[in-house]
Amino acid sequence: MSFTSQNNRVYALCDANSFYASCEKVFRPDLKDTPVVVLSNNDGCVIAQSKEAKAMLDLYMCRPWFEVEEEAKMLGVVAFSSNYELYANMSNRFMATLRQFSPRQEVYSIDESFLDLTGIKCDLVAYGQQIKDTVMQWTGLPICVGMGSTKTLAKLANHCAKKQPHMNGVCDFTSMSETDIDNIMQQLPLSKVWGIGGKLEAKLNKLGVHDVLRLKRANPKRIRDEFGVLLERTIKELNGESWLELDETLSEAKQVMSSRSFGARVSSLQELEEAVSFHASNASARLRKHGLYANAVHVFIQNSPFDKAEFYGASLIAALPSSTDNTLLINRTALWILKQLYKEGIYYQKAGVMLMELVPEGAQQTNLFTQNTSDTKYSTLMATLDSINSKYAKGTIKLASEGIYKTWVMRRSYKSPNYTGDWGELPLAK
DNA sequence: TCTGGGGTCCTAGGACCC
DNA sequence: TCTGGGGTCCTAGGACCC
């Protein structure tokens, strides 16, 4: 991290509009003008809504589906369960398209990417339009482009590009006057700034800071004393001092988690064991995909904070005897932890397994007592398991402890086909 | 009946060291 | 009489992100 005092950098933030909903629409042209929402795992909450759905009832966002379902259906809203295989695939296409426009790219999230446009000698607004049109043409996804001299400003510009219809999806702060930008900032609440969430906004409001311009003009030193370095950095970034650099490295995972709420409440140890086993294998498989080894396992179980009963949440971390990516070993540890946590008479809503203290392949510490021959045997077994599960379908081969009936499995009533990830589900022209 | 999942980073405080 | 100070490492918890 360093401060570039001579800041003539240009960052662009390219962000897909209602990404999940847009992905669903790409493969359903018949829903072009239909309001569409996408539901979280377990069909729990609304997590994405197309612009038609937004225009009708923005209140749906983050609401539990069961509360709005009836009304939404009456209004002609079409719902989809989340289909992460599809979204990951579309994300890859989107990122690959953006790569055409800058040699320096940071893939920030599944639907957002920063580009470094420093030194590009053309009308940036026109360039932004070109990026937007190309993404639409190559992937079918609508996006907005925001540009600024820092990443924080590019994020804010992107917000404006989305909200101001006359900008046609592209907003470039670097070609606007300071006064114009200040006028925009004065209209924006703090929560629109990258890094300011609900808690910070409330605290700052109490101090009389209500809009972005006010925050921009706050004294960074004083803010640092009260709120820490992050917010100080944000203020500097709002003032055009670049403190956040483009991060082109595809960062290695620091932990891998698999968890889900249950389709129905679960109270027996056996059912919990099945779920924890499932998550242990799932997380282990993802660990191997990243080429990583874990040193510790974290298991948690809880009932729902929305239930009448008193909240019960328990979790425990156990160290593994040596770093491993072995499903069987990780599973055994996870089940042992579960036994420590389990309490009878509780209606559990959720369980999860987190793998921690990850190290890359080749860097793992070997334990004095580890037997290398069995290690090789295990890794051959794991490789075989992974290749069968990837060739056929996830879960073709699994641990017996994962159970067969899966009373706890999540609901996914409205899932679209795996258009891009399964030969059998390719969309075909009629 | 039904309320997401998967992450990162920073900070404060305690333990421990010399 | 007088009870240090500077440093590291670890962990839990909080805040944020999409």
Side-chain angles (χ1 to χ4, degrees), chain A residues 1 13 15-20 37-48 60-70 72 79-84 87-88 91 106-114 151-152 155 158-159 190-204 224-234 244 247 249 251-266 279 282-283 286-287 290 295-296 298 300 302-308 311 313 315-317 319 347 349-358 407 410-414:
Chain A
M1 208 101 41
L13 177 70
D15 185 326
N17 307 345
S18 333
F19 181 60
Y20 295 171
V37 297
V38 176
L39 308 177
S40 63
N41 275 324
N42 228 4
D43 295 341
C45 292
V46 176
I47 51 169
Y60 284 179
M61 195 59 177
C62 300
R63 290 275 299 282
W65 177 238
F66 74 91
E67 278 180 23
V68 297
E69 180 174 4
E70 197 180 334
F80 287 91
S81 305
S82 31
N83 182 346
Y84 288 102
Y87 309 150
S91 175
E106 172 181 345
V107 176
Y108 177 67
S109 77
I110 193 163
D111 71 332
E112 275 177 65
S113 174
F114 286 102
K151 287 166 81 176
T152 303
K155 275 277 235 185
N158 188 282
H159 171 79
L190 297 178
S191 56
K192 302 301 175 203
V193 177
W194 191 28
I196 300 189
K199 296 272 163 65
L200 270 177
E201 184 179 34
K203 269 203 212 163
L204 285 161
R224 182 194 184 123
D225 290 343
E226 200 143 343
F227 297 91
V229 289
L230 291 181
L231 195 57
E232 180 196 29
R233 210 161 59 194
T234 297
L244 298 168
D247 181 7
T249 57
S251 61
E252 229 151 49
K254 302 202 163 124
Q255 50 181 251
V256 170
M257 168 150 79
S258 174
S259 88
R260 249 178 239 352
S261 15
F262 305 134
R265 298 286 185 267
V266 155
H279 290 307
N282 190 18
R286 277 179 21 217
L287 196 66
H290 289 278
N295 280 295
H298 182 185
F300 66 89
Q302 60 175 64
N303 65 2
S304 167
F306 297 99
D307 283 354
K308 281 200 191 103
F311 182 71
S315 76
L316 191 65
I317 300 173
Y347 290 88
Q349 170 250 355
K350 188 177 186 178
V353 173
M354 214 184 288
L355 302 180
M356 307 170 69
E357 292 169 43
L358 309 186
T407 42
M410 67 169 170
R411 283 180 305 278
R412 253 178 136 181
S413 319
Y414 313 98

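First the proteins, then the strands, lettered A, B, ... as listed; each starts at 1.
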J.: What does the list of N/O pairs under 3.5 Å between the protein and nucleotides 11-16 of chain B look like, with a distance for each?
T.:
| unit_1 | atom_1 | unit_2 | atom_2 | d |
| --- | --- | --- | --- | --- |
| B:dT11 | OP1 | A:V229 | N | 3.4 |

J.: For A:A16, what residues pass the side chain to side chain contact (heavy atoms under 4.5 Å, CB included) criterion, not counting sequence neighbours?
T.: A:F19, A:F94, A:D111, A:I143
J.: With sequence neighbours excluded, tell me which residues meet side chain to side chain donor-acceptor pair (under 3.5 Å) with A:E69.
T.: A:K73, A:Y414
J.: Listed by chain and number, what are the side chain to side chain donor-acceptor pair (under 3.5 Å) partners of A:N303, not counting sequence neighbours?
T.: none
J.: What pairs with A:E252 under side chain to side chain contact (heavy atoms under 4.5 Å, CB included), at least two apart in sequence or on another chain?
T.: A:L292, A:P360
J.: Dot-bracket, DNA chain C: Watson-Crick or G-U, under 3.5 angstrom, [ ] crossing, | other strand?
T.: ....||||||||||||||
J.: Who passes side chain to side chain contact (heavy atoms under 4.5 Å, CB included) against A:H298, sequence neighbours left out?
T.: A:S315, A:I317, A:M354, A:M356
J.: If the condition is side chain to side chain donor-acceptor pair (under 3.5 Å), which residues does A:R286 pass it with, not counting sequence neighbours?
T.: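 Here no residue qualifies.
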J.: May I ask you to evaluate whether A:K199 reaches the phosphate of C:dC17, defined as a side-chain N or O under 4.0 Å from OP1 or OP2?
T.: no
J.: Under the ring pair (Phe, Tyr, Trp, His ring centres under 6.0 Å) rule, collect the residues that match up with A:Y87, sequence neighbours excluded.
T.: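 Once residues adjacent in sequence are excluded, the partners of A:Y87 under the ring pair (Phe, Tyr, Trp, His ring centres under 6.0 Å) criterion are A:Y20, A:Y84.
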J.: Taking only residues two or more places apart in sequence, or in another chain, which ones meet A:D43 in a side chain to side chain donor-acceptor pair (under 3.5 Å)?
T.: A:S81, A:S413
J.: Going by side chain to side chain contact (heavy atoms under 4.5 Å, CB included), name the residues that satisfy it together with A:S18, two or more places apart in sequence or in a different chain.
T.: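 A:A21, A:S22, A:K54.
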J.: Enumerate all atom pairs, one protein N or O and one N or O from nucleotides 4-7 of chain B, separated by less than 3.5 Å.
T.:
| unit_1 | atom_1 | unit_2 | atom_2 | d |
| --- | --- | --- | --- | --- |
| B:dG4 | O4' | A:S40 | OG | 2.8 |
| B:dG4 | O3' | A:S261 | OG | 3.4 |
| B:dG5 | OP1 | A:S261 | N | 2.4 |
| B:dG5 | OP1 | A:S261 | OG | 3.0 |
| B:dG5 | OP2 | A:S261 | OG | 3.4 |
| B:dG5 | OP2 | A:K350 | NZ | 3.0 |
| B:dG6 | OP2 | A:S259 | N | 2.6 |
| B:dG6 | OP2 | A:S259 | O | 2.9 |
| B:dG6 | OP2 | A:S259 | OG | 3.0 |
| B:dG7 | OP1 | A:R286 | NH2 | 2.9 |
| B:dG7 | OP2 | A:M257 | N | 2.6 |

